[in-house]
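Structure first, commentary second.
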Amino acid sequence: MILQKNILLLFIFSFFLYVPKINSQNEYDIVIYGGTSAGISAAIQASRMGKSVLLIETSRRIGGLTTGGLGATDIGNKQVIGGISREFYQNIKKYYDNPGNWKWQEKEDYSQSRNQSGEDAMWTFEPSAALNVYKEMMDKESIELVYEERLNRKNGVKKEGAKIVEIEMESGKLYKGKMFIDATYEGDLMAVAGVSYTVGREPNKQYGETLNGIQANDIGITIRGTVSKNSVHHNFIDGVDPYIVKGNPSSGLLPFIVKGGPGIDGSGDKGIQAYCFRMTLTDAPENRIPFQKPGNYNELDYELLFRNYEAADGPIEKMYPYGDPLVPWINSKMPNRKTDTNNQKGFSTDFIGQNWDYPEASYEEREKIIERHRSYQQGLMWTLAYHPRIPKKVRDEVSKWGTCKDEYEREDGWQQQLYVREARRMISDYVMTQKNCEGIEIVDDPIGMAAYGMDSHQVKRYVDANGFVQNEGNVEAHGFPPYPISYKSIVPHKNECSNLLIPVCVSASHIAFGSIRMEPVFMVLGQSAASAASLSIDNNVEVQNINYLTLKNLLLKDKQVLKHIP
């Protein structure tokens, strides 16, 4: 009898010893949704703190914009970029110190003003280089990475009280975690979890700002001695007719122009600053894919471009005293005869006003918006390169360029990652505003610093009082030093969610987010979010209740920069 009992106990013991726990492979300390730059830095930090970590990427490519064309990211004061973020840019430098990584040009032939001699880091790079560096950094850590999994946005977040316990993907896969981080550009996990957020531009009066809301005039706003004239840059030459038949309002407006004027200056709306693809172009013949006319090309879509050139009184170069005087782009040089190509002038790569629905759109609707942006931009580049109504000297310059054969997965050389400059923004216990950017208000719980000017691309295109077309929404306000970002701006209200951190869709006004929204800063905030999540686990407290002094000391130990020393 005793022998039988011992055999039974041994069998039971063996069963629990060798049979895996149910769902153990889908249980983690920290679950990160979104393989953006912020998500990657958060995953690396979580691993370094000894936590089991899952990184969920919705596409087949990690890195977001940093591996999606944004190789000339705006930084501001580089001294305040620390921790894993700076480590990434240091690794970029090491990558290009290897002669084997210079295929299309000699290293000595490349120069870029963002890179200064003697620096320990390099700030411009090819998307493929960024992808290589990210993978090498992650390979050194214990990070589980899954691709092509999207959150079920109907009911994919299971909560117990204010705590997320499990998230469900569209595929039906379930992932449990003690802590969650939403590192997406869209803030989907945040939204499904019931966290308060906003979309669009607040009125100036809401937070006592001067640069938020609709930009209906070009009155100069002085920021620490620097005057910002809003909606002046990236606008049309005077006198561009908005109607299908010139001078005939009854013929209807040309595409992408909204009815009515700009709105009341400083008032709020649901407008979103324009998106585009940050094109990776090359003029190396062996690596170049010439621009192709898209199948759905509509010449009328580019009539405003033709008219903007035709409205020039004399050489077009004299009409634009800034940037490229001839071509509507900022064609920043990247290594290996490649570029990071961005929007410039009144009609360019920004698809103005065509992204307003994107933040709240379904996945299918977003894909349509992305594809519409791509076909618009493909048509634009073909038009600039080959259309006879474009000045010959413009065509001669643009047709030298094309997309790259060796950068992205698509055969046409175009990336999948759209430049989502802004989508949802959380509303938490602390909202970062223009006053923080200007140093009028200084937070007492910094987790990183921002250093770029307050920036917004155009939001809409309209007909002005004179009957001509104008763009509205651009703000470029610089002239202030780096400033700290509050920990409270990356955590939700405690009663809404107690184990979620949001390092990308931070709690900020539209214009403050326009300063914060830089990839190096997202990496900084991703690392800080993972540090806070780890401390929350270690101390068994909500993310809102961790000891800030403990977090601060941890961040400083890990080389984050929390204070600017001129």
Side-chain angles (χ1 to χ4, degrees), residues 34-37 40 57-73 103-104 125-135 145-150 184-186 274-298 301 329 331-332 334-343 348-351 354-355 358 361 363-386 398-421 519:
T36 61
S37 56
I40 292 172
E57 168 52 34
T58 60
S59 72
R60 284 298 306 167
R61 188 181 180 100
I62 59 170
L65 285 160
T66 296
T67 66
L70 191 51
T73 187
K103 181 177 180 180
W104 303 107
F125 45 85
E126 301 158 273
S128 53
L131 185 61
N132 181 287
V133 167
Y134 273 146
K135 286 182 175 179
L145 172 63
V146 298
Y147 289 102
E148 294 186 302
E149 289 289 349
R150 300 190 306 195
T184 63
Y185 294 118
E186 296 84 3
Y275 300 166
C276 69
F277 287 96
R278 292 291 284 253
M279 297 180 296
T280 308
L281 306 181
T282 183
D283 63 351
E286 305 91 335
N287 195 33
R288 181 175 68 92
I289 304 172
F291 297 120
Q292 302 293 318
K293 182 194 289 189
N296 61 349
Y297 182 83
N298 180 6
D301 288 351
W329 64 16
N331 214 29
S332 301
M334 298 297 105
N336 280 312
R337 292 179 67 175
K338 296 175 186 175
T339 73
D340 170 354
T341 302
N342 196 14
N343 178 85
S348 183
T349 59
D350 279 0
F351 201 16
Q354 307 309 302
N355 62 333
Y358 182 87
Y363 293 128
E364 293 74 18
E365 290 167 338
R366 284 180 186 168
E367 286 299 322
K368 291 178 181 177
I369 293 170
I370 291 170
E371 187 55 40
R372 186 68 187 93
H373 275 70
R374 184 184 291 108
S375 63
Y376 160 78
Q377 211 161 319
Q378 288 173 333
L380 171 68
M381 300 314 297
W382 180 89
T383 300
L384 287 168
Y386 303 114
V398 177
S399 61
K400 296 177 185 176
W401 298 87
T403 55
C404 303
K405 296 178 182 178
D406 63 349
E407 281 297 335
Y408 302 114
E409 293 79 8
R410 290 173 56 104
E411 290 185 3
D412 60 8
W414 286 81
Q415 64 269 65
Q416 180 60 27
Q417 179 63 62
L418 183 65
Y419 192 175
V420 179
R421 290 188 170 94
E519 292 285 286

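Residue indices begin at 1 and follow the sequence shown.
- In this structure, Met381 and Val398 have side chains that are in contact, with non-hydrogen atoms separated by less than 4.5 Å.
- Looking only at distances, no side-chain donor or acceptor of Gln378 sits under 3.5 Å from a matching main-chain atom of Phe291.
- The closest donor-acceptor contact from the side chain of Arg410 to the backbone of Gln416 lies at 3.5 Å or more, if one exists at all.
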(message) Test side-chain contact (heavy atoms from CB on, under 4.5 Å) on Thr36 and Thr184; report intermediate values, then the result.
(response) CA-CA 7 Å; Thr36 61; Thr184 63; 5.6 Å; no
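- Taking each heavy atom of Asp340 and Met334 in turn, the nearest pair found is N-CG, 3.5 Å.
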(message) Before you tell me yes or no, could you show the steps for Glu367 and Ile370 under side-chain contact (heavy atoms from CB on, under 4.5 Å), namely the whole-Å CA-CA distance, both residues' side-chain angles and the distance that decides it to 0.1 Å?
(response) CA-CA 5 Å; Glu367 286 299 322; Ile370 291 170; 4.2 Å; yes
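- In plain terms, the two heavy atoms of Arg288 and Lys400 that are nearest each other are CD-O, 3.2 Å.
- The two residues Thr280 and Pro127 come nearest to each other via the heavy atoms OG1-CG, 3.5 Å.
- In terms of heavy-atom proximity, Leu418 sits nearest to Cys276 at CD1-O, 3.5 Å.
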(message) Run Trp401 and Thr341 through side-chain contact (heavy atoms from CB on, under 4.5 Å) and show every step you take.
(response) CA-CA 11 Å; Trp401 298 87; Thr341 302; over 6 Å; no
(request) Please test Trp414 against Gln377 for side-chain contact (heavy atoms from CB on, under 4.5 Å), starting from the C-alpha separation and ending with a verdict. (result) CA-CA 10 Å; Trp414 286 81; Gln377 211 161 319; 3.9 Å; yes
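- Glu519 and Thr66 are linked by a side-chain donor-acceptor pair at a separation below 3.5 angstrom, with hydrogens and angles left out of the test.
- The distance from the NZ atom of Lys135 to the CD1 atom of Ile62 is 6.5 Å, given to the nearest 0.5 Å.
- The closest donor-acceptor contact from the side chain of Lys338 to the backbone of Ala284 lies at 3.5 Å or more, if one exists at all.
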(request) Report the C-alpha separation of Arg60 and Glu409 in whole Å, then their side-chain angles, then the decisive distance to 0.1 Å, and conclude whether the salt bridge (Lys or Arg N to Asp or Glu O under 4.0 Å) test is met. (result) CA-CA 9 Å; Arg60 284 298 306 167; Glu409 293 79 8; over 6 Å; no
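- Remark: the backbone N or O of Asn343 is not paired with any side-chain donor or acceptor of Asp350 at under 3.5 angstrom.
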(request) Go through the steps to decide whether Lys368 and Glu365 satisfy the test salt bridge (Lys or Arg N to Asp or Glu O under 4.0 Å), and finish with yes or no. (result) CA-CA 5 Å; Lys368 291 178 181 177; Glu365 290 167 338; over 6 Å; no
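- Heavy-atom contacts from other residues, nucleotides or ligands closer than 6.0 Å to CD of Glu364 number more than 12.
- Inter-residue side-chain proximity for Cys404 and Trp104 is flagged as unmet; no heavy-atom pair is nearer than 4.5 Å.
- For the residue pair Pro285 and Arg337, the shortest heavy atom distance occurs at CD-NH2, 4.0 Å.
- Looking at Tyr419 and Thr349, their side chains never come closer than 4.5 Å, going by heavy atoms from C-beta outward.
- The line from CG of Asn132 to CZ of Phe125 is 12.5 Å long, rounded to the nearest 0.5 Å.
- Here the shortest heavy-atom pairing between Leu65 and Tyr185 reads N-OH, 3.0 Å.
- For the side-chain hydrogen bond (donor to acceptor under 3.5 Å, both in side chains) with Asn287, the lone residue among Thr403, Asp406, Thr282, Asn336 that qualifies is Asp406.
- In this structure a side-chain-to-backbone donor-acceptor pair under 3.5 Å is missing from Thr339 to Asn331.
- The ring pair (Phe, Tyr, Trp, His ring centres under 6.0 Å) with Phe351 is formed by just one residue from the set Phe277, Tyr358, Tyr376, Tyr275; it is Tyr376.
- The main-chain N or O of Thr67 is found under 3.5 Å from a side-chain atom of Arg61 such that the two form a donor-acceptor pair.
- Side chain of Gln417 to backbone of Gly68: no donor-acceptor contact under 3.5 angstrom is found.
- Residues Glu407 and Gln415 form no side-chain contact, since every pair of their non-hydrogen atoms from C-beta on lies 4.5 Å or further apart.
- Taking OG of Ser375 as the start and NZ of Lys293 as the end, the distance is 13.5 Å to the nearest 0.5 Å.
- Figure legend: cation-pi geometry between Arg150 and Tyr363, with NZ or CZ positioned under 6.0 Å from the six-membered ring centre and within 45° of its axis.
- Between the side chain of Tyr408 and the backbone N or O of Gly69 there is at least one donor-acceptor pair closer than 3.5 Å.
- Using modelled atom types and a 3.5 Å distance limit, the side chains of Gln292 and Asp412 yield no donor-acceptor pair.
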